[in-house]
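For the single chain, residues carry numbers from 1 onward in sequence order.
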Amino acid sequence: MQLRPYQQEAKDAVFHDWENGFKKTLLVLPTGCGKTIVFAKVAEECVRRGKRVLILAHRGELLEQAADKISKATGLGCAVEKAQESCLYSWYRIVVGSVQTLMRQKRLDSFNEEYFDTIIIDEAHHCLSDGYMRVLEHFANADVLGVTATPDRGDKKNLGRFFENIAYEYTLPKAIRAGYLCPLKAVTIPLKLDLSGVGVQAGDFKSADLGNALEPYLYRIAEEMKNYCADRKTVVFLPLVKTSQKFRDILNKAGFRAAEVNGESADRAQILADFDAGEYNVLCNSMLLTEGWDCPSVDCVVVLRPTKVRGLYSQMIGRGTRLCEGKTDLLILDFLWHTERHELCRPAHLICEDEAVANKMIENAEASGGEETDLIEAQEEAQSDVIAQREESLAKQLAEMRRRKRSLVDPLQFEMSIQAQDLAGYVPSFGWEAAPPSQNQLKTLEKLGINPDDISNAGYAAKILDRLDKRRIEGLTTPKQIRLLERYGFNHVGKWQFEDASNMISRIAAQGWRGVPNGIDPKTYSPDKTGEAV
């Protein structure tokens, strides 16, 4: 099986981390981007190198999917460590194992601590639980790869407590732009649902409270769905089984062909197959289908289980992000949840790392009057608005920073000049990133023209140094060129080529540094290929 370019990059990055001392690394791929294929190929390479691999998951469906994908992608078979089945004495080098089985001390004691050389954790956002930790601590010398669609945790535990690095991360916007996932559209329904009385437990809203809070609105929600979902294949996520069943009945009375599945449904497999075949056009569930279920033809998702957990929200929306013949986009119905807290996940959070951009997207969506909005286009518009606001704020800050070192570029000025959103919104994830910057990092930054005084941690320093190196390779302006030319009033010098900046500096120098050359307005000037004003 030929890997897509980003999948090959991901595989290579994992081995690069392991070979460079990061024994516990993460791979982050959006739902629908083939994470199982990637770790199947990682497992295959490990076997080629003579290693024994354990693939660990918390649900039987995930283990079955992993074994099936490994067989199809690599031709390799898998042993099973689950319930009464054991991999001991099997000649297979790959084992799919249930964490519920392996966490038992008697089961662990049957394995030598060096038995597995590599451990791959599917849906790794679950791995901080006691059961996973017991297994991982037993095989403490193994290289570990965690695979997830999101590195967030609902209980606010940082995966950086266990993992040492993110080997590779492929974002949802990149996947959409590259055509690997379908476009996302969202519509904000002007129906305000009151959650002010809902309690919080383990970092998220209590399901029982949510069910009670939601019930008074179910009929109105069904009426709104008639306006948007009548011709779509829709999955609805609800907080409780009884709420899910009640909403199914309401939808059927409203003219939909709705079905409901839950963990106790004896005919669950048949209902899912019928939904896939088009017998039903709405499928209600109480958080059963967040993992381990794929139906690419789903083109509408309704989240009636509001959450503060981005990982959970991404999993729900991810049920509809896959490509399918005849499918043009995925529509997300977004409601106005009224709560005293401001941590609810909204469609903007699917594609925005920068909270300011996400908040601007939400503000714009709520003012749109119920119109469908393309999320990528909305993100670009919001980002443009936020950049403008930040530039205005920057101008004020720069005016207050005149007494700072004049020979160096402030990191904030550098970020804004090159419009580096990833630097502006950077937050440390791992222990080494949060540590103070090293003296070598600070000296190198100052040598390259960056004022190191406001560099607060090693991760931020590493990000800037990496960006400076990439800019050097791409032939873009240096910090010192940015500082000098922006001092003469030029805008966005960070986007210029090194040679264009050098030419302009030479022209200014030829005038004795008294000002810009005649005929040039620095506020509107932009060099073209020949360096002349456009």
Side-chain angles (χ1 to χ4, degrees), residues 1-59 61-81 87 90-99 102 114-127 132 135-136 139-151 159 162-171 174-175 180 291-292 294 430:
M1 181 176 291
Q2 186 70 33
L3 293 178
R4 295 170 176 172
Y6 70 87
Q7 292 174 328
Q8 184 63 50
E9 290 172 4
K11 176 189 169 186
D12 294 342
V14 169
F15 284 99
H16 181 270
D17 260 19
W18 284 340
E19 291 162 2
N20 284 275
F22 293 110
K23 290 183 66 65
K24 303 166 185 174
T25 194
L26 273 170
L27 170 62
V28 182
L29 293 179
T31 301
C33 283
K35 62 183 176 62
T36 311
I37 295 296
V38 176
F39 76 64
K41 287 295 188 178
V42 169
E44 178 186 37
E45 180 61 28
C46 289
V47 170
R48 186 176 288 112
R49 299 183 184 189
K51 299 180 182 295
R52 186 180 281 115
V53 181
L54 169 64
I55 295 171
L56 200 58
H58 67 293
R59 289 176 55 184
E61 296 98 324
L62 298 174
L63 295 175
E64 292 168 7
Q65 288 179 10
D68 181 61
K69 287 287 177 67
I70 288 169
S71 175
K72 291 178 178 177
T74 70
L76 297 173
C78 298
V80 177
E81 190 68 26
C87 66
S90 169
W91 63 277
Y92 288 123
R93 305 290 293 182
I94 302 177
V95 176
V96 292
S98 161
V99 68
L102 276 166
E114 305 294 330
Y115 190 84
F116 293 109
D117 304 289
T118 304
I119 298 176
I120 298 173
I121 307 170
D122 195 8
E123 306 294 356
H125 46 281
H126 294 289
C127 83
Y132 274 99
V135 176
L136 293 167
F139 303 108
N141 292 326
D143 289 331
V144 180
L145 169 63
V147 186
T148 182
T150 171
L159 284 177
F162 177 76
F163 292 99
E164 300 164 330
N165 200 31
I166 294 180
Y168 188 84
E169 182 171 10
Y170 193 60
T171 66
K174 284 183 179 178
Y180 294 120
E291 297 172 348
D294 297 330
F430 302 97

Notebook entry, point to check: Is it true that a side-chain atom of K35 and a backbone atom of T148 form a donor plus acceptor pair closer than 3.5 Å?
Noted result: no
Check: Relative to F15, does R49 satisfy both conditions: NZ or CZ under 6.0 angstrom from the six-membered ring centre, and within 45 degrees of the ring's axis?
Finding: yes
Notebook entry, point to check: Do you know the tightest heavy-atom contact between G146 and A124?
Noted result: CA-CB, 3.5 Å
Check: So D117 and D143, side chain to side chain contact (heavy atoms under 4.5 Å, CB included) or not? Walk me through it.
Finding: CA-CA 6 Å; D117 304 289; D143 289 331; over 6 Å; no
Margin query: Test your reading of the model: is there a side-chain donor-acceptor pair from N165 to the backbone of F22, 3.5 Å cut-off?
Written below: no
Next item on the list: List the steps, then state whether side chain to side chain contact (heavy atoms under 4.5 Å, CB included) holds for V144 with F163.
Entry: CA-CA 8 Å; V144 180; F163 292 99; 4.1 Å; yes
Item checked: Flag, side chain of N20 to backbone of H16, donor-acceptor distance under 3.5 Å -> yes
Next item on the list: Please round to the nearest 0.5 Å and tell me the distance separating atom CZ of R48 and atom OG1 of T74.
Entry: 9.5 Å
Next item on the list: Measure the shortest side-chain to side-chain distance between T118 and I120 over non-hydrogen atoms and say whether it is less than 4.5 angstrom.
Entry: yes
Item checked: Closest non-hydrogen atom pair, C46 against W18 -> SG-CZ3, 3.9 Å
Next item on the list: Indicate yes or no: at least one non-hydrogen side-chain atom of E123 is less than 4.5 angstrom from one of L62.
Entry: yes
Check: How long is the gap from CD on E164 to NZ on K23, to the nearest 0.5 Å?
Finding: 8.5 Å
Check: Does the pair E169 and I166 meet the rule for a side chain to side chain contact (heavy atoms under 4.5 Å, CB included), with working shown?
Finding: CA-CA 7 Å; E169 182 171 10; I166 294 180; 4.1 Å; yes
Notebook entry, point to check: Any side-chain heavy atom of I70 within less than 4.5 Å of one from I55?
Noted result: yes
Next item on the list: Report the distance from atom NZ of K72 to atom CD1 of I37, rounding to the nearest 0.5 Å.
Entry: 9.0 Å
Checklist line | Test item: H58 and Y132 side chains (from C-beta on) under 4.5 Å apart, heavy atoms | finding: yes
Notebook entry, point to check: If you take all heavy atoms of N141 and E114, which pair is closest and at what distance?
Noted result: ND2-OE2, 2.7 Å
Next item on the list: Starting at OG of S71, measure out to CD1 of I94 and round the result to the nearest 0.5 Å.
Entry: 10.0 Å
Notebook entry, point to check: Which heavy atom in A13 sits nearest to a heavy atom in A167, and how many Å separate them?
Noted result: CB-O, 3.4 Å
Checklist line | Test item: L29 and Y6 side chains (from C-beta on) under 4.5 Å apart, heavy atoms | finding: yes
Check: Do any N or O atoms from the side chain of E81 and from the backbone of C87 form a donor-acceptor pair under 3.5 angstrom?
Finding: yes
Check: Any side-chain heavy-atom pair from V95 and V53 closer than 4.5 angstrom?
Finding: no
Next item on the list: Measure across A57 and D122 and return the closest heavy-atom pair with its distance rounded to 0.1 Å.
Entry: CB-CB, 4.3 Å
Check: What distance separates C127 SG from L56 CG, expressed to the nearest 0.5 Å?
Finding: 9.0 Å
Margin query: If I compare all heavy atoms of E44 with all of L76, which pair ends up nearest, and what's the gap?
Written below: CA-CD1, 4.0 Å
Item checked: Side-chain touch L145/I121, heavy atoms, less than 4.5 angstrom -> no
Check: Rounded to the nearest 0.5 Å, how far does OH of Y170 lie from CD of E9?
Finding: 8.5 Å
Check: Y168 versus V14: any side-chain heavy-atom pair under 4.5 Å?
Finding: no
